[in-house]
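Excluded from the calculations below are hydrogen atoms, water molecules and symmetry mates; all remaining heavy atoms, backbone and side chain alike, are included. Chain letters run A, B, ... following the sequence lines, proteins first and then strands; every chain starts at 1.
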Amino acid sequence: QKEVEQNSGPLSVPEGAIASLNCTYSDRGSQSFFWYRQYSGKSPELIMSIYSNGDKEDGRFTAQLNKASQYVSLLIRDSQPSDSATYLCAVNMGSSNTGKLIFGQGTTLQVKP
Amino acid sequence: DVKVTQSSRYLVKRTGEKVFLECVQDMDHENMFWYRQDPGLGLRLIYFSYDVKMKEKGDIPEGYSVSREKKERFSLILESASTNQTSMYLCASTGGYQPQHFGDGTRLSIL
C-alpha cells in the first residue's frame, strides 16, 4: 500500500511566525511532489511543485525535498491569518505517467492574529 | 492557466435517481480524475481516465461509473443515487508528471 503521511494538526502558529508542514511517503520511486492549499468548502489549489532534492522557494513558500529520507516539507514564512487552511501533500509514485497522485490526509494550519 | 469546469456547484437529487456530474478541461490533458471528499476521510479517488474511452477504477468505484467520449470531457455517473453518496465531488486533470488541477467542486446532496 503506497502511502503519504501527514500530521493532521491543527498546527497553530502566531501571525508573522514560520509554519512548518511535513510529509513522508512510502515509495522510493516517487517522481513528483506537490503541495496544495484547501480552504474550507473550496477545492484544492496548487501552491508548490518540487521534483528534485533540495529547496524551492516561491515568495513566502519554500518546499524542501529529501528523497533519501522520503520526506517533503513546506515552510511558510511570515504566516498570515489568510494562510489558515488545510495543506495537502501529494506524491506521484512510480513510473506511470497517468498523473495519478497519492494524497495525504492534510494538515490544518491556524494562524492566530 | 488551466481551467477545469464542473457543471454545477450545488446539486440536490433524490434517492434512486441517475445523476450525471460533468467536467470539462481546456488544456488538452490526457488524464482526468474524479474524487469525493468527506470530512475526516480526505480525498478518495473514484475513477480516472488516461485517454478517450479508457478508464480505471480508483479506490471507491462502487455505485459509480464514468464516461469519456471526448478528450476534454469526463463524466461521473451515479447509477442509482443513495444518501451515502452525499459528498463534495472534485474533478481534476493533468498532463502526466505535472500537478493535477482541480475544478471548483460539486456539493451533491441526495435526499
Please report the shortest heavy-atom distance between B:Pro99 and A:Ser49, naming the atom on each side.
CG-OG, 3.9 Å
When hydrophobic residues are tied together by side-chain contacts of less than 4.5 Å, even through go-betweens, does B:Leu90 share a cluster with B:Tyr64?
no
Specify which of B:Arg9, B:Met88, B:Glu30, B:Gln98 makes the most heavy-atom pairs with chain A at under 4.5 Å.
B:Gln98
Just checking B:Arg14: does its CZ atom have more than 12 heavy atoms from other residues, nucleotides or ligands closer to it than 6.0 angstrom?
no
Closest non-hydrogen atoms of B:Leu43 and A:Pro44, given as atom of the first, atom of the second and distance, are CD1-CG, 4.3 Å
Below 4.5 Å from any heavy atom of chain A, which atoms of B:Arg44 appear? Answer side chain, backbone, both or neither.
neither
Please look at B:Leu45 and chain A and tell me whether the side chain, the backbone, both or neither of the residue comes under 4.5 angstrom of a heavy atom of that chain.
side chain
If hydrophobic clusters are built by linking Ile, Leu, Val, Met, Phe, Trp and Tyr wherever their side-chain heavy atoms come under 4.5 Å apart, do A:Leu46 and B:Met27 end up in the same one?
no
Measure distances from A:Glu45 to the heavy atoms of chain B and classify the residue's part below 4.5 Å as side chain, backbone, both or neither.
neither
Do B:Phe74 and B:Val19 land in one hydrophobic cluster if side-chain heavy atoms of ILVMFWY residues count as linked below 4.5 Å?
yes
With heavy-atom distances below 4.5 Å as the criterion, would you say the side chains of B:Gln100 and A:Tyr36 are in contact?
yes
Treat each ILVMFWY residue as a node, draw an edge where side-chain heavy atoms are under 4.5 Å apart, and state whether A:Leu75 and A:Leu65 are in one component.
no
Determine whether more than 12 heavy atoms belonging to other residues, nucleotides or ligands lie under 6.0 Å from atom CD1 of A:Ile18.
no
Same cluster for A:Met48 and A:Val111 if Ile/Leu/Val/Met/Phe/Trp/Tyr side chains link at under 4.5 Å?
yes
If you measure from OG1 on A:Thr86 to CD on B:Gln37, what distance do you get to the nearest 0.5 Å?
8.5 Å
Identify the two heavy atoms, one from A:Leu101 and one from B:Tyr35, that lie closest to each other, and give their separation to 0.1 Å.
O-OH, 4.4 Å
Applying a strict 4.5 Å limit to non-hydrogen atoms, the region of B:Glu56 in contact with chain A is neither
